[in-house]
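Right, one structure below, let's go through it.
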Amino acid sequence: TLKLESSTFNGNVISHNFELLDDPKQLEQINIKAEKPTVAIHNDTTSFNVAKLTTAEDKNIESVIRKMPGMSVSKDGTITYNQQKITKVLLEGDDMTGENYKTITQNLKPQLVEQVQAIENYIEDDLLNGIISSDEVVLNLKLKNNKSILGSADLAVGINKRNDVSANVVSLYKRIKAFSYISNNNTGKYQEDLLSLNSKTAYNNSNGKLINHAIGDTNPFDNNNFRLNNTLSGSLSAVSHANKNLKLTFGAYAIRNKLSDERSNTQIFLGPEPITTEDRETRSSNDKNYQIELGVQQRIGRASRLSSAISYTFKPSTYASLDTSFFNAETENLVNQSQEDKVKSF
């Protein structure tokens, strides 16, 4: 700093030489931070960095899992790792959905997840660690923020009254973890495979249809966006560690799939007397699936635990079809079919 005492210089040029002192410490600190790897292996756990594999096209964590080495996802959403079927997807270390994990993987945004961990030789009950061996493989989703309420919502609206709406919330409040979602669309996506029946009651899921329930999909397009559907689904899953010895789980799931199909085929034969034939098909189905599950685990002693679980499933469905053939605009044949099924298991 050079201080001038006078405001006028009287034509004189004032010069001054500044001497700068060396400062050997110009930077207080240098931080070198290693970038997180895409895949890291530690013992029986393989961790995948979700951010490294996520692009703008990924709408749920399932689409990111498809890109992970060793992972594969079937058309109905079942995940396998190194050709082993994944039976559970944990959320911050807790199993809230069991084999209904597709409610999470197909609805949770990848932007909320930091890591997907593939855990081999998994044993849920820590009392059995070192006592029994396991070949079970599960996935664990580690969230970016595990001490708050997270969520997302999507809204898509198109022509011909098409819409695709969904929202989900993850709550990590004190000793309670919860995940819930709701989804509605009429863009051809339906979710009859979203829920997996408990293996103990799966035999009640009869496939012996009295009539053909198929809603045709034949069209010149290589997707389902022209199917006439109205699908509504939602779930609420929660786990609570009431204390160090008591664990409570709850799950409620609901799906409604409405499908409809209308077709007609007209043929005109020219001749002395023109002949016109027409076949019309109208089909509709309404399938529902409701499930409620409750579970309790109580540690009784140092080496003992009491477990209890209750599951109730209700699957009502209706189907109706009307096939009519015409000859010169007059009805020649008419077939009307309908069926109503109610499958319950407890």
- Message: Apply side-chain hydrogen bond (donor to acceptor under 3.5 Å, both in side chains) to residues N289 and T313 and explain how you reach the verdict.
- Response: CA-CA 7 Å; N289 191 340; T313 301; 5.6 Å; no
If you draw a 6.0 Å radius around [atom1] in [X], do more than 12 non-hydrogen atoms from other residues or ligands fall strictly inside?
| X | atom1 | answer |
| --- | --- | --- |
| K144 | NZ | yes |
| I268 | CD1 | no |
| D22 | CG | no |
| Y173 | OH | no |
| K67 | NZ | yes |
| L334 | CG | yes |

- Message: Going by the rule ring pair (Phe, Tyr, Trp, His ring centres under 6.0 Å), which residues pair with H16 if we only count those two or more places apart in sequence or in a different chain?
- Response: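 With sequence neighbours excluded, H16 shows a ring pair (Phe, Tyr, Trp, His ring centres under 6.0 Å) to F18, given in chain and number order.
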- Item | Which residues share a ring pair (Phe, Tyr, Trp, His ring centres under 6.0 Å) with F269, sequence neighbours left out |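 Ring pair (Phe, Tyr, Trp, His ring centres under 6.0 Å) list for F269, sorted by chain: empty.
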For [X] and [Y], which I'm curious about, is there any donor-acceptor pair between the side chains at under 3.5 Å?
| X | Y | result |
| --- | --- | --- |
| R256 | N230 | yes |
| S325 | D279 | no |
| S233 | S183 | no |
| T87 | E136 | yes |
| T105 | N60 | no |
| Q337 | S321 | yes |

- Message: Under 4.0 Å between a side-chain nitrogen and a carboxylate oxygen: does that hold for D323 and R283?
- Response: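 Salt bridge: yes.
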- Message: Exactly one of L53, I79, T46 should register a side-chain contact (heavy atoms from CB on, under 4.5 Å) with M68. Which one does?
- Response: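 The option that passes is L53.
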Backbone of [Y] reached by a side-chain donor or acceptor of [X] within 3.5 Å:
| X | Y | result |
| --- | --- | --- |
| N43 | T45 | no |
| D58 | T55 | yes |
| N160 | R162 | no |
| R299 | R305 | no |
| D154 | V165 | no |

- Item | Stepwise side chain to side chain contact (heavy atoms under 4.5 Å, CB included) test for N229 and N185 | CA-CA 8 Å; N229 78 304; N185 85 88; 3.5 Å; yes
- Message: What verdict does the side chain to side chain contact (heavy atoms under 4.5 Å, CB included) test give for L143 and L172, after you've listed the backbone C-alpha separation in whole Å, the side-chain angles of each residue and the deciding distance to 0.1 Å?
- Response: CA-CA 10 Å; L143 303 178; L172 304 168; 3.7 Å; yes
